[in-house]
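The basis for the numbers below is simple: all heavy atoms, side chains too, and nothing from hydrogens, waters or symmetry mates.
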Amino acid sequence: MGIGSSIAENEQQLKTIFRHCEDIVFREITIHGQTRLLLVYADGMIDSNLVSSNIVRPLLFKGLPLGLGTIDSIAQMLSLELVPVLNIVRLTDFQQIAERILKGSAALFADGENAALLADVTKFETRGVEESVNEAALRGSRESFTENLQTNTTLLRRILATPELKMESLQLGTLTKTDVVIAYIEGKVSASLLDEVRTRVKRIRMEGILDSGYIEESIEDMNFSPFPQMLSTERPDVTAAGLMEGKVAILAGGTPFVLIVPMTFWDGLQAPDDYYERFLYVTLNRWVRYIFAVFSLLFSSIYIALTAFHPEMVPPVLMLSITALRERAPFPTVIEVFLMEIVFEGLREAGIRLPRQIGPLVSIVGALVIGEAAVRAGIISAPIVIVVSAAGIASFVIPRYRFGFPLRMIRFPMMILAGSFGLFGVAMGLITVLIHLIHLSPFGMPYLSPIAPQRTGKLKKVLVRWPHKAASKRNAGRKAGPA
């Protein structure tokens, strides 16, 4: 609906739109006792000093610019003198004006004007740039994204100071009007990937986008896959590295977590500081992570299979020791492991959700109860505590917390298969997981690439982190060679 030329009618229409919205301020300003202006803004969303010094005070004390005469256009007046330092937009639609006001703009109406001027005076309390909590790194930048989208794009622009870094803005959510930015480096990203991301993001139809997780679930290929198909990070350096590899980043207002697409399985096992430390140390750590990821997934189920179905494969002395310790255990091995795994997951969840002062206490009490009381009471045998604890600690070696979820989830069906069919069941479960991973192809990128399908040139990057000098020479050679 378009606005009229009467300031009273426009005020009434806006008050109807913002009825019961006590935080919307309507402020009338009269110049020289004749010309009436109406200033409308959302209290707490604007920089009051900026409004006072650049709009209200000049209007009240300086009056109109000399030589301008009567006000024919507030746009002309403001552009000449009154608000020279503000970004001004001229709008005529009430819906657009209301949306701008709710985003932190100040709307200025004048009698006889059938358009309103919207000045960008946004300012509200935000969290400062702090160290990343979920992606700790021993070396490298300590900066992490915040909930402010403008801060996040600035952090990214400071790292990638090139005009080739493009940022396309759009709004999602019919109620939240969440600002979303699609970032990429022109010339690095493939046109097909960029078009696919654009299409999927623009296709989202939701009432609210409260976090980038809403976008992730809306545009991923397979919702029922336990494996994340987009890398979620709160580090600007990780995002910049992804963009330099030709990937696309999706930033959303109100959340510090940025999505990077596409993602491969191996991205989930790489730490943020892999490219900051010496390559030998990083290569060793990378292999340790691979081994512990497999350990986390299979250790519990292999223990069940060996002790319940294939005791002949266990060294006799060790098997005798395990059997002796399990004499008083009332449950089969698979039930014991299940109970311990569920309790372990419960303790982990409680440790995360509880306040920081109480979380460690719950972990200590849980460890004492499970480790001492349950074993002494004969409810759980001691080897089970060792097995579940070892598998749990192995899952903590995975640098990206979200990537540990699928391994923990799949551990339970693997234990059922191990308890039902022994090592044959474990093998069948593992083959099923591998088949799923091979078929998973987020945004056209094979999830297990470069191992399946095999790409020899990139395979080395997964297994070894080469020195930067060697990588630079290789890239220079590729550029100099024939296309």
Side-chain angles (χ1 to χ4, degrees), residues 1-31 33-60 71 73-75 77-78 82-83 86-127 147-150 169-180 202 204-211 214-215 252-255:
M1 179 180 177
I3 69 173
S5 57
S6 167
I7 196 170
E9 292 177 1
N10 292 334
E11 182 179 3
Q12 186 58 42
Q13 185 62 36
L14 274 180
K15 284 185 174 177
T16 304
I17 293 173
F18 291 121
R19 65 181 179 278
H20 304 310
C21 298
E22 301 298 333
D23 57 330
I24 304 299
V25 178
F26 292 82
R27 186 172 179 181
E28 191 171 311
I29 302 170
T30 304
I31 305 173
Q34 296 178 352
T35 307
R36 291 176 61 215
L37 298 176
L38 178 66
L39 185 65
V40 186
Y41 57 87
D43 193 20
M45 296 282 291
I46 62 163
D47 186 341
S48 55
N49 292 329
L50 198 62
V51 172
S52 175
S53 60
N54 289 278
I55 298 178
V56 179
R57 194 171 296 169
L59 287 171
L60 289 178
I71 299 177
S73 165
I74 58 172
M77 177 183 73
L78 294 171
L82 296 181
V83 283
L86 299 176
N87 291 323
I88 302 293
V89 177
R90 184 185 173 92
L91 294 176
T92 58
D93 183 75
F94 272 117
Q95 191 61 36
Q96 293 179 352
I97 293 169
E99 289 176 5
R100 287 269 186 170
I101 292 172
L102 293 173
K103 287 286 184 182
S105 292
L108 197 59
F109 296 83
D111 250 340
E113 282 282 329
N114 57 2
L117 290 185
L118 279 295
D120 185 9
V121 289
T122 309
K123 185 183 180 183
F124 44 84
E125 294 299 324
T126 58
R127 187 169 59 94
E147 287 75 11
N148 188 296
L149 183 60
Q150 190 175 11
S169 300
L170 66 156
Q171 278 192 343
L172 295 177
T174 54
L175 291 180
T176 57
K177 309 289 184 189
T178 306
D179 292 317
V180 175
K202 289 179 180 176
I204 295 174
R205 296 287 181 271
M206 299 180 77
E207 286 190 337
I209 304 290
L210 303 180
D211 185 83
Y214 285 62
I215 301 173
T255 174

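Smallest separation of non-hydrogen atoms from Thr176 and Ile209: OG1-N, 3.1 Å. Among all heavy-atom pairs drawn from Leu37 and Ala110, the shortest one is CD2-CB, 3.2 Å.
In this structure, Lys123 has no side chain to side chain donor-acceptor pair (under 3.5 Å) partners at least two apart in sequence or on a different chain. For Asp43, the side chain to side chain contact (heavy atoms under 4.5 Å, CB included) partners two or more places apart in sequence, or in a different chain, are Val25. Taking the side chain to side chain contact (heavy atoms under 4.5 Å, CB included) definition, one finds that Ser6 meets it with Ala8, Glu9, sequence neighbours left out. In this structure Arg127 satisfies the side chain to side chain donor-acceptor pair (under 3.5 Å) test together with Glu130, Glu147, sequence neighbours excluded. Glu207 meets the side chain to side chain contact (heavy atoms under 4.5 Å, CB included) test with Thr174, Leu175; sequence neighbours excluded.
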Which donor-acceptor pairs under 3.5 Å do side chains of residues 95-109 form with protein atoms, sequence neighbours excluded?
residue: Glu99; atom: OE2; partner: Lys177; partner atom: NZ; Å: 3.3
residue: Lys103; atom: NZ; partner: Lys177; partner atom: O; Å: 2.3

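Between Val40 and Ile24, the closest side-chain pair of non-hydrogen atoms falls below 4.5 Å.
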- Item | Trace of the side-chain contact (heavy atoms from CB on, under 4.5 Å) decision for Ile3 with Gln13 | CA-CA 9 Å; Ile3 69 173; Gln13 185 62 36; over 6 Å; no
- Query: Given Val121 and Tyr41, is the side-chain contact (heavy atoms from CB on, under 4.5 Å) satisfied, shown in steps?
  - Reply: CA-CA 9 Å; Val121 289; Tyr41 57 87; 5.9 Å; no
- Item | Candidate pair Phe18 and Asp23, rule side-chain contact (heavy atoms from CB on, under 4.5 Å), full reasoning | CA-CA 9 Å; Phe18 291 121; Asp23 57 330; over 6 Å; no
- Query: What do the steps show when you test Ile215 against Val180 for side-chain contact (heavy atoms from CB on, under 4.5 Å), and what is the final call?
  - Reply: CA-CA 10 Å; Ile215 301 173; Val180 175; 4.0 Å; yes
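To the nearest 0.5 Å, atom CD of residue Gln171 and atom CG of residue Asp179 are 5.0 Å apart. For the atom pair CG of Leu91 and CG of Leu118, the computed distance is 4.5 Å after rounding to the nearest 0.5 Å. One finds the OG atom of Ser53 at 7.5 Å from the CG atom of Asp47 (value rounded to the nearest 0.5 Å). Expressed to the nearest 0.5 Å, how far CG of Leu38 lies from OG1 of Thr30 amounts to 10.5 Å. How far CG of Leu210 is from OG1 of Thr178: 7.0 Å, rounded to the nearest 0.5 Å.
The local environment of CD in Gln150 is sparse, with at most 12 non-hydrogen atoms from other residues, nucleotides or ligands closer than 6.0 Å.
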